[in-house]
Amino acid sequence: MPVNVGDYAPDFEAESTIGKIRLSDFKGKNVILYFYPKAFTSGCTRELQRFVELYNEFKKLNTEIIGVSADSITTQKRFAEKYGAKFPLVDDRQKKIIEAYGVLNEKGTGAQRVTFIIDSNGKVVEILSKLKKAEEHADRALEIIKRLVSSSSQ
């Protein structure tokens with residue numbers, strides 16, 4: 001069953017590039033949970049690089065970024081190190097998180113490129129998919145977070 005806008009984001013615990021994390025560890029923060037097909041492919045690399053470029057802006061807005069793919073933790077660590085990702089990249093080789101969010105690709109081999117914007121209460125406020133360019137996910141997510149933060153501070 002896919003996750004929809006308005007749903008509470010399913011919690012998960014997983015091995016990441018910064019150690020074991022749980023989505024619920026980030027309660028009280030906004031979270032950009034983005035799924036990507038495969039580390040080191042051109043689209044996924046551009047997407048990661050754009051999230052890295054914008055990371056400090058997200059941090060100022062009380063927002064954490066979490067990347068998820070079916071790559072191994074070894075691959076995720078190499079990917080994060082090569083491109084300077086300070087946020088966690090999650091190993092979901094079992095595809096439990098990918099399936100929980102309903103973003104398994106048609107072949108069943110990994111994730112589709114989908115980004116979930118989750119508010120500080122753990123509710124999904126927006127879902128980005130089928131954007132023309134992979135790196136647009138970061139820019140669009142930042143726009144949505146800016147709107148979210150400004151509307152909640154009024």
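Numbering of residues begins at 1 and proceeds along the displayed sequence. Worth saying up front: this structure is predicted, and the values here are computed from it rather than measured.
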Q: Within the 4.5 Å heavy-atom criterion, are Tyr36 and Thr41 side-chain neighbours or not?
A: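 Not in contact.
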Q: Applying the 4.5 Å side-chain criterion to the ILVMFWY set and letting contacts propagate, would Leu128 and Val52 be lumped into a single cluster?
A: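 Linked within one cluster.
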Q: So do Ile66 and Phe116 actually touch side chain to side chain, heavy atoms under 4.5 Å?
A: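 Side-chain contact under 4.5 Å: no.
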Q: Report the C-alpha separation of Glu47 and Glu136 in whole Å, then their side-chain angles, then the decisive distance to 0.1 Å, and conclude whether the side chain to side chain contact (heavy atoms under 4.5 Å, CB included) test is met.
A: CA-CA 7 Å; Glu47 183 177 28; Glu136 279 182 58; over 6 Å; no
Q: For Lys123, is there any backbone N or O sitting under 3.5 Å from a side-chain donor or acceptor partner on Asn121?
A: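 No, the answer is negative, given that no donor and acceptor are paired below the 3.5 Å cut-off.
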Q: Hey, is NZ on Lys38 packed in by over 12 heavy atoms from elsewhere, all under 6.0 Å?
A: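 Atom NZ in Lys38 is not crowded, with 12 or fewer foreign heavy atoms closer than 6.0 Å.
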Q: Within the 4.5 Å heavy-atom criterion, are Lys130 and Arg113 side-chain neighbours or not?
A: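 They are not in contact (no side-chain heavy atoms under 4.5 Å apart), so the answer is no.
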Q: Could you grab the distance from atom CZ of Arg46 to atom NZ of Lys133, nearest 0.5 Å is fine?
A: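 Output value for this atom pair is 8.0 Å.
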Q: Given side chains that start at C-beta, do those of Phe35 and Gln112 come closer than 4.5 Å, heavy atoms only?
A: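 Not touching, per the 4.5 Å side-chain cut-off.
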Q: Where do Thr45 and Phe79 land on the side chain to side chain contact (heavy atoms under 4.5 Å, CB included) test, with the steps shown first?
A: CA-CA 8 Å; Thr45 298; Phe79 195 39; 3.6 Å; yes
Q: Sequence neighbours left out, what passes side-chain contact (heavy atoms from CB on, under 4.5 Å) with Arg22? Give chain and number order.
A: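 Here the qualifying residues are Asp11, Glu13, Ser24, Asp25.
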Q: Other residues, nucleotides and ligands only: do more than 12 of their heavy atoms fall within 6.0 Å of NZ on Lys20?
A: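 Above 12, so yes.
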Q: Distance alone, cut at 3.5 Å: any donor-acceptor contact between the side chains of Ser16 and Gln76?
A: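 No, because no side-chain N or O of Ser16 sits under 3.5 Å from a partner of the opposite role on Gln76.
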Q: Verify the ring-centre separation between Phe51 and Tyr55: is it less than 6.0 angstrom?
A: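 Judged by ring-centre distance (under 6.0 Å), Tyr55 and Phe51 do not meet the cut-off.
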Q: Give the ring-plane orientation class for Tyr101 versus Phe12, where under 30° counts as parallel, over 60° as perpendicular and anything between as tilted.
A: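 Perpendicular, since the angle between the ring planes exceeds 60°.
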Q: When you group the ILVMFWY residues by side-chain heavy-atom contacts below 4.5 Å and let the links chain together, are Ile98 and Tyr8 in the same group?
A: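 Each belongs to a different hydrophobic cluster.
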Q: With a 4.5 Å heavy-atom cut-off, do Val149 and Asn62 have their side chains touching?
A: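 No; the side chains remain at least 4.5 Å from each other.
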Q: Once you round to the nearest 0.5 Å, how far does CD of Glu126 lie from CG of Asp119?
A: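 Going from the CD atom of Glu126 to the CG atom of Asp119 covers 12.0 Å.
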Q: In Å and rounded to the nearest 0.5 Å, what is the NE2 to CG distance from His137 to Leu48?
A: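 Reported value, rounded in 0.5 Å steps: 13.5 Å.
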Q: Report yes if some heavy atom in the side chain of Asn30 is under 4.5 Å from a heavy atom in the side chain of Leu61; otherwise report no.
A: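 In short, these two side chains do not touch, never coming nearer than 4.5 Å.
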Q: Tell me which donor-acceptor pairs under 3.5 Å the side chains of residues 138-147 have, and how far apart each pair is, sequence neighbours excluded?
A:
from, atom 1, to, atom 2, distance (Å)
Asp139, OD1, Arg50, NE, 3.0
Asp139, OD1, Arg50, NH2, 2.7
Asp139, OD2, Arg50, NE, 3.2

Q: Are there more than 12 heavy atoms of other residues, nucleotides or ligands under 6.0 Å from atom CZ of Phe40?
A: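 Yes, because the 6.0 Å sphere around CZ of Phe40 holds more than 12 heavy atoms from other groups.
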Q: Taking all non-hydrogen atoms of both residues into account, name the closest pair between Lys95 and Gly108 and its distance.
A: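 Scanning both residues, the minimum pair turns out to be CE-O, 3.3 Å.
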Q: Give the cluster check for Leu89 versus Tyr83: same hydrophobic cluster or not, with ILVMFWY residues linked at side-chain heavy-atom distances below 4.5 Å.
A: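 Yes; Tyr83 is reachable from Leu89 via cluster members.
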Q: For Ser129, give me all partners under side-chain contact (heavy atoms from CB on, under 4.5 Å), at least two apart in sequence or on another chain.
A: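 Partners of Ser129 by the side-chain contact (heavy atoms from CB on, under 4.5 Å) criterion, ordered by chain and then number, come out as Val114.
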Q: Looking at Arg93, is its backbone amide N or carbonyl O close enough to the side chain of Asp91 to form a donor-acceptor pair, meaning the two atoms are under 3.5 Å apart?
A: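 Yes, Asp91 side chain to Arg93 backbone: donor-acceptor pair under 3.5 Å.
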Q: What distance separates Leu148 CG from Ile118 CD1, expressed to the nearest 0.5 Å?
A: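 These two atoms lie 11.5 Å from each other.
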Q: Output the distance between atom OG1 (Thr115) and atom CG (Leu33), rounded to the nearest 0.5 Å.
A: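 CG of Leu33 is found 8.5 Å from OG1 of Thr115.
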Q: Do Tyr34 and Val125 share a hydrophobic cluster (ILVMFWY, side-chain heavy atoms under 4.5 Å, transitive)?
A: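 Per the 4.5 Å side-chain linkage, Tyr34 and Val125 are co-clustered.
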